[in-house]
Amino acid sequence: MKPMPLLIIATLSLILVACSGAAGSDSKEPEPTMAPAEPSVETSPEASIEPTKGNEDDPATILLQAIQPIDQIDLAKVPAVDTSLHSVPLEEIIFDTFRSVNRAVPLPDAQPALIRSLQDAIPPLYEPRFASATDTDDWLSDSDIVLGYAAGQEAYAYPIKILNFHEMASHQVGGREILASYCPLCRSGIVYDRTLPGADVPLVLGNTSALYESDMVMFDHQTGSYWNQVSGEAIIGPLTGQQMPILPAQMATWGEWKALYPDTLALSEDTGFGRDYSQDPFAGYGDRLNAGGRFFFPVSEAGLDSRLDTGEVVLGVEADGAHRAYPLDQLGDAVVQDTLGETAVVIFSQADGPSGAVYSPLLDGQELTFVW
């Protein structure tokens, strides 16, 4: 049995379609404990990819092949986002200023100096450090949730208690440049290949400190394009419409992941940042949503749906253009055999966590049937 790489897996994703979005709610918002960085404000440099004129080749191919490597992280060199190209309403991109007043600023109202000052205020791990499983005993318990990714003989665990404060970790696994991403407000853990199809150079991705539909918005250093974390798609800028390949990954308890991969490495708490990783600033957020509280920032009316509670933890799957959400709390310990379009899938759900994963049930041309 092998993981199904064509499925978009947003395990433990906080479903947005059931929200009330009541702006008048008195429910307290979660307050992240990290202090935003204070990068210097620079004038916007020229884009690192120049428009190609008079070339009859496919413009998208030309753009992808023009992506240049980044040798050193320098926020001052990130091109300003080109808002003339976008696939989502610009006013639905909301910046978090981390201030007590005027905290939510829509993109059309955000000044360039503010946008630049907020880049990486929640600091990504561009050069993450890792520890062996035995070196985590003093701070990582078997019940802690991790985002796990394995390729060949390599296995990595990204503890959510660290990703709560950094949301992104970029490094190389098995010769592939990957991004382990996590949005605490959506509880969506997903691993992406940072090299776009048709490109020779991986993207370097940072954090805009903005949200779209309550989900993290990333930016790439090469073109300044904005990327939606839960879809892996560029939604504003020159690369709008491009999508990073998703890689088979899963959310699991640390104890489960260690049992599967005894030689796994884990993201180290020695990140170089002063954070108390034992604290969860987002604890209880889903329960507050279910009780009628409001989202951290508003989401659009288009996503309203009452079929599930707002904070229901789901395993989200896309295949053959079909989309389905599997509520893990409701499933508990279970196996679900299903078909999306013409694609057979099998869902394994566990109450512990809760956690879940989706696989192809096909093995050597035979479709297997599973029971719990």
Side-chain angles (χ1 to χ4, degrees), residues 1-18 142-143 145-158 160 173-174 176 178 180-182 186-193 230-232 243-262 264 305 307-309 311-372:
M1 184 172 61
K2 57 185 178 181
M4 190 162 188
L6 296 181
L7 295 181
I8 291 184
I9 307 170
T11 317
L12 283 177
S13 179
L14 213 84
I15 193 164
L16 301 182
V17 296
D142 283 354
S143 61
I145 299 295
V146 301
L147 171 63
Y149 174 66
Q153 301 301 311
E154 300 181 59
Y156 289 86
Y158 310 89
I160 298 308
V173 182
R176 190 193 302 267
I178 68 106
S181 67
Y182 178 75
C186 290
R187 296 177 69 184
S188 51
I190 309 175
V191 176
Y192 290 107
D193 185 337
V230 81
S231 68
Q243 193 164 29
M244 289 184 288
I246 195 168
L247 300 174
Q250 68 183 87
M251 302 283 273
T253 63
W254 173 230
E256 291 170 336
W257 186 257
K258 280 191 303 181
L260 286 171
Y261 301 98
T264 185
D305 191 315
R307 287 176 293 175
L308 292 174
D309 288 339
E312 183 73 53
V313 180
V314 304
L315 173 65
V317 182
E318 176 185 3
D320 288 345
H323 305 78
R324 202 153 294 164
Y326 301 87
L328 297 178
D329 275 320
Q330 294 183 24
L331 290 177
D333 293 332
V335 172
V336 178
Q337 305 247 180
D338 207 350
T339 302
L340 279 72
E342 297 182 355
T343 301
V345 297
V346 57
I347 309 297
F348 296 113
S349 170
Q350 284 191 255
D352 188 13
S355 59
V358 57
Y359 293 90
S360 167
L362 301 178
L363 182 66
D364 297 331
Q366 180 183 8
E367 182 171 341
L368 305 180
T369 300
F370 296 87
V371 294
W372 185 262

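Because the structure is a prediction, the values reported are computed rather than measured.
For the residue pair Pro327 and Val314, the shortest heavy atom distance occurs at CA-CG1, 4.1 Å. Nearest heavy-atom pair, Ser360 versus Val346, reported as atom, atom and distance to 0.1 Å: C-CG1, 4.5 Å. Of all heavy-atom pairs spanning Ser355 and Ala252, the tightest one is CB-CA, 4.0 Å. Heavy-atom minimum distance, Pro354 versus Leu328: CB-CB, 4.0 Å.
Here the CG-CD distance, from Leu331 to Gln350, works out to 12.0 Å after rounding to the nearest 0.5 Å. For the atom pair CD1 of Ile178 and CD of Glu154, the computed distance is 10.0 Å after rounding to the nearest 0.5 Å. Here the CD1-CH2 distance, from Ile145 to Trp254, works out to 12.5 Å after rounding to the nearest 0.5 Å. Remark: Thr264 OG1 to Tyr156 OH distance equals 8.5 Å, nearest 0.5 Å.
Partners of Ser181 under the side chain to side chain donor-acceptor pair (under 3.5 Å) rule, at least two apart in sequence or in another chain, are Gln229. Residues passing the side-chain contact (heavy atoms from CB on, under 4.5 Å) test with Glu367 are Gln337, Ala344, Pro361, Leu362, sequence neighbours excluded. Every residue was checked against the side chain to side chain donor-acceptor pair (under 3.5 Å) condition with Asp352, not counting sequence neighbours, and none meets it. Taking Tyr149 as the reference, nothing meets the side chain to side chain donor-acceptor pair (under 3.5 Å) condition, with sequence neighbours excluded. Remark: Ala150 pairs with Ala155, Trp257, Tyr261 by the side-chain contact (heavy atoms from CB on, under 4.5 Å) rule, at least two apart or across chains.
Under the 3.5 Å distance criterion, the side-chain polar atoms of Glu312 are left unmatched by any main-chain donor or acceptor of Asp309. At distances below 3.5 Å, not a single donor-acceptor pair connects side-chain atoms of Tyr326 with backbone N or O atoms of Ile347.
Applying the salt bridge (charged side-chain N to carboxylate O under 4.0 Å, His left out) definition to pairs two or more places apart or across chains, those involving residues 323-343 are Arg324-Asp338.
Across Val345, Val358, Asp320, a single residue satisfies side chain to side chain contact (heavy atoms under 4.5 Å, CB included) together with Leu340, and that is Val345.
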- Can you list the steps and then say if Val230 with Ile190 is a side chain to side chain contact (heavy atoms under 4.5 Å, CB included)? CA-CA 7 Å; Val230 81; Ile190 309 175; 4.2 Å; yes
